[in-house]
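Structure first, then comments.
Heavy-atom basis, side chains included; hydrogens, waters and symmetry copies ignored. Note that ligands are numbered from 1 as they come in the structure, with each ligand's atoms numbered from 1 the same way. Sequential numbering from 1 along the given sequence is applied to the chain's residues. Source: prediction; values computed, not measured.
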Amino acid sequence: MKIVVFGLGYVGMTAAACLSKQGHEVVGVDVSDEKIAIVNAGKSPITEPGLDELVARGVRKGLLSATKDASRHLDSCDMATVCVGTPSAPDGSHNMSYVVEVSHQIAGSIGRDRATPLIVVFRSTMRPGTIEELVLPIFENALRDRIDLVELVYNPEFLRESVAIQDFFNPPKIVIGTKGGEPCTALDELNARIDAPVFYTTYRAAEMTKFVDNTFHAVKVAFANEVGRVCDKLGISAATVHKIFTSDTKLNISPCYLRPGGAFGGSCLPKDVRALQYIASDVGAYTHLVDSVLRSNDAHKNFLFENCLKAVPAGGRALMLGLAFKENSDDLRESPNIDLARKFLQSNIHLSIYDPHVKPSKLLGQNLGYAFSSLPALRKLLVAKTTAESELFDLVVDTRGWAKNMALRTKWVIDVNTLS
Ligand SMILES: NC(=O)c1ccc[n+]([C@@H]2O[C@H](COP(=O)([O-])OP(=O)(O)OC[C@H]3O[C@@H](n4cnc5c(N)ncnc54)[C@H](O)[C@@H]3O)[C@@H](O)[C@H]2O)c1
């Protein structure tokens, strides 16, 4: 394939050199005369282990070159890859001017006599909606009724500097965003020798994956460091705690507790997060991330309730499926479903609750105390399955995934576990 790579920074230079190693003819494009001269002299303009050798090899074999002017190459190439920077703007958003500039440049250079569409692959990190709302209109304006001359793809890059070549050939995953989530044959061909799971999805979902990854990495680092600070202040070995923590791939380092859905609650998580906050402040460890966890959980409870309010007016009827903090349990302590029930009642919504595991006469100890202090009307609110299925509701809030197996009479069902 002949591939034009826009932006010879950490991502673009690595991609250009690695693609030339795979035998593709690669033309690198940058606005910097200095970078272009360095590449054409067979060196890498960025410091990255192994990259100088790959660039030297590519240039020597005539497979890699660099230029400022892409126009004479765009007509004859199969693919254009956009790796220009998206640095922070003063307000914290991404500065999209380089992406816009390159999009105009590519769109204006596509010949009308192309036999096959030009595949334009965007690899820069950009906010969800960028391809559809910023990039596509540029191509539509330039190509008018010949938009078929281009195929836009969003393919986020996951490489890490310092091991970029290794990551290019062994990425953790390949995410390919297209209009309707369909595969892109040319990219599949390009990635044929790379062993990694491939996900085809929409532009927006692909754009979002990169943000989710990077933010999660940042959260992990901050979390680990907060734990480290508390350990340090308490004279505990953070390394030992880290080793034990990461050895648990069943609950800790695993997909568990990472699915967007309901808020957390129960008798342990809120209590222990609060206690760690207390300990941290006691010893002066300043755990801002941990301090914000319960507030974040409250924000999520409000979000869920606001969604409910769209479906049920004041004076309307709602049915909740599930009240205890999890299925097959009658533990009501700090259940987020109790908070939701209270919000319904405060908003003058007639509420019924179906949870076969919660039997008021069998509640004991702390559980009993919590239930009746936070939801004194519990006994009256709980209904049997026959009632839940025979009465008409404006909304059913399903916290368990039971609705699909029940014969409910309702206008709306909100499934808390899938946020749908
Ligand atoms: N650096 C990383 O580890 C990494 C990893 C994954 C994704 N990303 C994302 O990839 C993108 C690129 O990151 P980077 O670190 O390689 O950036 P960078 O700043 O190192 O390189 C960007 C290059 O684009 C060039 N450029 C700017 N305008 C241009 C134009 N009109 N035409 C041609 N070239 C132009 C710049 O001169 C520069 O050489 C960013 O969106 C970044 O968030 C970076």
Parallel, tilted or perpendicular: ring planes of F139 versus F122, cut at 30 and 60 degrees:
perpendicular

May I ask you to check whether [X] and [Y] place their ring centers less than 6.0 Å from one another?
| X | Y | answer |
| --- | --- | --- |
| F344 | F305 | yes |
| W412 | F393 | no |
| F303 | H300 | yes |

Row check, F264 ring normal vs K301 NZ/CZ: under 6.0 Å, within 45°:
no

Using a threshold of 4.0 angstrom between heavy atoms of the protein and any atom of ligand 1, which residues qualify?
G7, L8, G9, Y10, V11, V29, D30, V31, K35, C83, V84, G85, T86, Y98, E101, V102, S124, T125, E157, L159, E161, K210

Thinking salt bridges, do K179 and E151 make one under a 4.0 Å N-O criterion?
no

